[in-house]
Each structure stands twice: as C-alpha cells, then as structure tokens.
Amino acid sequence: MRTAPSKVRALKQAIPFHRAPVGEDEAQAVAEIVRSGWLTMGPKTVEFEQRFAEYIGVRHAIAVSSCTAAMHLALEAVGIKPGDEVLVPTLTFAATAEVVRYLDAVPILVDSDPTFFNISAKDAARKITARTRAILPVHFAGHPCEMDSIQELADGHGLAIVEDAAHALPARYQGKMIGTLSRATAFSFYATKTLTTGEGGMVTTNEDFIAERVRLMRLHGMSRDAWKRYSGEGTWRYEVLEAGFKYNFTDMQAALGLVQLAKCDRMRERRQAIAEEYTRTLSASESFRTPCVARDVEPAWHLYYILLEENSLRIGRNQFIQELQDRGIHTSVHFIPLHEHPYYQKLGGHRTGDFPTAEDYFARCISLPIYPGMTSQDVESVIGSLEEVARDFKR
Ligand SMILES: Cc1ncc(COP(=O)(O)O)c(C=O)c1O
C-alpha cells in the first residue's frame with residue numbers, strides 16, 4: 001500500500017534535482033558583454049580559454065559549443081577514420097557514442113567495473129580488435145577512471161585516449177587534474193554541470209597539433225583567428241582550409257564561465273560536504289549502497305547516486321522514485337545503458353543481459369540532488385525522505 005504524504009509538507013519541502021548556481025554576478029557579466037555589442041566568439045572567449053587552461057594546468061584549452069562538439073573534434077583530431085573502432089562505456093549519455101558515429105567509426109560498448117561503475121578495463125581489453133583505434137573513458141558521476149589501467153591498455157595496443165570529462169570538473173587522479181592526463185579531454189558546461197555557461201564545452205590538450213586542429217575545425221575550417229574578421233584588429237580575408245563545423249563558443253558564455261570558474265573550487269567543496277553527509281547517514285541503512293571513492297582520487301561529485309538493496313525493500317527503483325517525488329524530493333536516473341536503446345541494439349546486435357554490471361546498476365540506481373545551493377535542511381530532508389520510504393516499504 002502507498003503512503004499518502006501530506007501535500008502541504010511536500011509543497012513546503014519540494015527540492016529540485018538541480019538548481020544552477022548562478023546569480024547577480026553572472027547576470028552582470030553577461031549584461032556587460034551584451035552592452036559591448038560583441039556577442040559571439042571574441043576576446044572574452046580567449047580570456048576564458050586562458051584562465052581555464054591555467055586552472056587545469058594544461059597547455060591548451062579550446063572552447064566549443066558543447067562537450068559533444070568537444071569529443072567530436074578531439075576524435076577527429078586524433079585521426080579517427082570511417083570503420084575504426086572506439087571503446088565506449090555502455091553506462092553513459094548518448095553523446096559519448098554518437099560522436100564516434102559522426103566520423104563513421106564504430107562505438108564498441110564496454111561494461112562497467114562493479115566498484116565505481118566506470119569503464120571496465122578488463123572488459124575493454126576483451127573487446128580490442130585489429131580495428132580498435134581509441135578508448136573514450138567517461139569519469140562517471142565525476143569519479144575519475146582508473147587511468148593507469150586504461151593507459152596500459154592504450155599503450156599495449158596503440159590506442160588514443162580521449163576522455164569524456166563532462167562530469168569531472170574539477171577532479172583529480174593521483175593528484176593530477178583531469179584534463180591533463182591523455183591526448184585530449186572534453187568538458188561540458190551544460191546547464192546542469194559543475195561549471196555552467198548554459199551550453200558549452202572545452203577541449204584540453206598538451207599537444208599543439210590537436211589544439212590547432214580543433215581550433216581550425218570548430219569554425220568552418222577557416223584559417224587562424226578568422227573570428228577576428230569583423231573586428232578592427234582582424235582582416236576580412238580568410239581561407240577555408242577544411243570542411244569544418246559550426247561549433248564555436250560565444251563571449252556571452254565566456255563571461256558567465258569566467259564568473260563560474262572563479263568559484264569552481266568553492267562549489268566543489270560544497271558538493272563534497274553534501275556527498276559526505278549523504279554517505280555518512282545513508283551507508284548506515286541496509287536499504288542503500290552509497291558510492292565508493294578510490295583512495296587516489298578527488299571526485300568532482302557532479303552526481304551522487306545510491307543503489308537500492310532490493311532484498312530489503314518491497315518496491316522497486318521506479319516506485320521508490322515516485323514515493324520520493326510524492327514527498328517533494330526530485331531525483332533522476334543516470335543512465336539508461338546505451339545497449340538498452342533501439343539504435344545501439346540494432347548497431348551492435350546487443351540485448352539485455354550482455355552488460356550485467358551496467359544493467360544491475362541501472363535497475364537499482366537513483367541520482368540524488370547535489371548542488372552548491374542546497375542548504376543543510378535540504379540535505380536533511382532528502383535523507384529523511386529516503387529513510388522514510390525505506391521504512392514504509394521494508395520487506
Ligand atoms: C557523460 C556525458 N558526456 C557528454 C555529455 C554531453 O554534454 P553536452 O551537453 O555539453 O554536449 C553529457 C551530458 O549530459 C554527459 O553526461
């Protein structure tokens with residue numbers, strides 16, 4: 001039987017899954033750009049790229065329209081060609097695999113490791129063929145992948161590593177910032193991400209060639225600094241060197257990004273405190289499994305997931321989410337594994353049962369609210385509601 005939580009209480013306590021940590025400072029910074037009259041990619045974008053590169057500690061940062069664009073450009077720059085195979089975790093968002101298809105290459109789906117739910121290096125090794133050219137690890141939820149094993153695999157088979165760090169700003173692996181470790185890393189500044197510019201992304205790399213190639217291909221394949229052609233500094237003349245893409249950033253986004261970047265560490269500290277509170281309280285319950293954290297990483301805590309211990313509950317994940325929603329707690333699910341979607345089932349001939357760890361995760365996972373604007377009472381309310389539902393539906 002379903003409990004009937006008080007509507008008044010639910011309304012009073014409604015906690016959204018996410019609220020972007022933006023305010024007056026961001027609004028003013030964007031307004032200044034609007035007043036300046038230069039709206040698209042320009043000097044603010046260059047400033048944001050420089051600051052971002054300094055923050056990560058990497059030679060180049062190239063701002064683009066999304067993480068999806070960043071991954072597409074990075075894979076193109078490392079030379080992925082039609083028919084090449086790229087190893088991609090099945091437990092990720094659509095973008096990670098679709099960018100491989102943009103290049104007429106083939107995403108080869110890989111199961112997750114059962115501890116952190118990142119790409120399993122063991123399963124990846126099993127899936128390497130003569131056509132494998134790259135591996136695209138995702139730092140799931142912001143917890144860095146075990147990069148030593150991935151590097152060893154890549155070295156052994158001549159694979160390029162391009163990282164999907166949509167969840168991993170800022171995060172560290174063995175003390176080193178994510179964004180410095182492999183040939184290229186892609187970040188997301190989508191509205192729900194840990195640093196937001198509404199939409200946006202970044203490629204970081206230490207290789208001059210990759211940086212040049214990404215810069216060229218993000219704006220129609222036009223020759224160097226073609227964005228300056230409408231400024232006093234630039235010239236109207238440019239050359240089209242390649243059939244590029246329309247993936248540029250804008251100065252309005254850069255203005256927002258600069259304000260966000262200045263508080264990136266503070267925002268991570270707050271998410272870390274929320275995560276610690278969730279883990280401290282929820283790990284005591286037999287109904288929940290909380291996330292593991294490796295000893296040599298600092299996660300970004302973009303997501304905080306729990307896994308339901310279904311043996312201790314009379315309801316499944318979907319009803320659990322509904323019960324939370326009825327109590328004013330909004331949650332989400334990350335992700336429906338790619339091989340459960342019709343497109344990838346057709347492409348790879350996959351079916352349910354092929355990726356047991358990702359499937360088990362998906363069946364039991366709930367992503368809880370975690371963002372800097374959450375108050376301690378908000379966190380308590382989420383925990384209280386989780387405990388209440390677990391109690392009401394105890395097996
Ligand atoms: C793991 C992962 N990769 C890539 C993306 C795509 O990011 P963007 O929307 O910036 O293209 C997302 C977005 O949610 C994501 O979760």
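Each ligand, and each atom within it, is numbered from 1 in the order the structure gives. Here, residue 1 is the first one in the sequence, and each next residue gets the next number.
Atoms of ligand 1 found under 4.0 Å from any heavy atom of Thr92 (numbered from 1 in listed order, with element): 1 (C). For ligand 1, the atoms lying closer than 4.0 Å to a non-hydrogen atom of Gly200 are 10 (O). Every atom of ligand 1 with a heavy atom of Val138 under 4.0 Å away is listed here by number and element: 1 (C). For ligand 1, the atoms lying closer than 4.0 Å to a non-hydrogen atom of Thr96 are 3 (N).
Ligand 1 does not have Phe140 within reach: every non-hydrogen atom of the residue lies 4.0 Å or more from it.
Of the protein's non-hydrogen atoms, the one nearest atom 12 (C) of ligand 1 is Phe93 CD2, 3.6 Å. With hydrogens left out, the protein atom closest to atom 16 (O) of ligand 1 is His167 NE2, 2.8 Å, a heavy atom. The closest protein non-hydrogen atom to atom 10 (O) of ligand 1 is Ser188 OG, 2.7 Å. The nearest protein atom to atom 3 (N) of ligand 1, hydrogens excluded, is given as Asp164 OD2, 2.7 Å; this is a heavy-atom distance. Atom 11 (O) of ligand 1 has its closest protein heavy atom at Thr68 OG1, 2.5 Å. Nearest to atom 14 (O) of ligand 1 among the protein's heavy atoms is Lys193 NZ, 2.7 Å.
If you look at Cys67 next to ligand 1, the close heavy atoms, those under 4.0 Å, come from the backbone and the side chain alike.
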Evaluation steps, ring pair (Phe, Tyr, Trp, His ring centres under 6.0 Å), between Tyr343 and His350: CA-CA 10 Å; Tyr343 177 80; His350 300 302; over 10 Å; no
Test ring pair (Phe, Tyr, Trp, His ring centres under 6.0 Å) applied to Phe189 and Phe48, step by step: CA-CA 13 Å; Phe189 308 139; Phe48 181 50; 5.6 Å; yes
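Using bins of under 30°, 30° to 60° and over 60° for the plane-to-plane angle, the ring pair Phe52/Tyr55 lands in the tilted bin. Tyr247 and His72 have perpendicular rings, their planes meeting at more than 60° on a 0 to 90° scale where under 30° would count as parallel. Ring-plane geometry between His339 and Phe355 is classed as tilted, the angle between the planes lying from 30 to 60 degrees on a 0 to 90 degree scale.
Here the two rings, on Phe393 and Phe320, have centers that are 6.0 Å apart or farther.
Counting only distance, with no hydrogens or angles, the side chain of His157 and the backbone of Glu152 share no donor-acceptor pair below 3.5 Å. Within the 3.5 Å criterion, the main-chain N or O of Ala141 finds a donor-acceptor partner in the side chain of His167.
In terms of polar-atom proximity, Glu199 is not counted as a contact of ligand 1, lacking any N or O under 3.5 Å from an N or O of the ligand.
Note that Arg270 lies outside the cation-pi zone of Tyr371, set by a 6.0 Å cut-off to the ring centre and a 45° limit from the axis.
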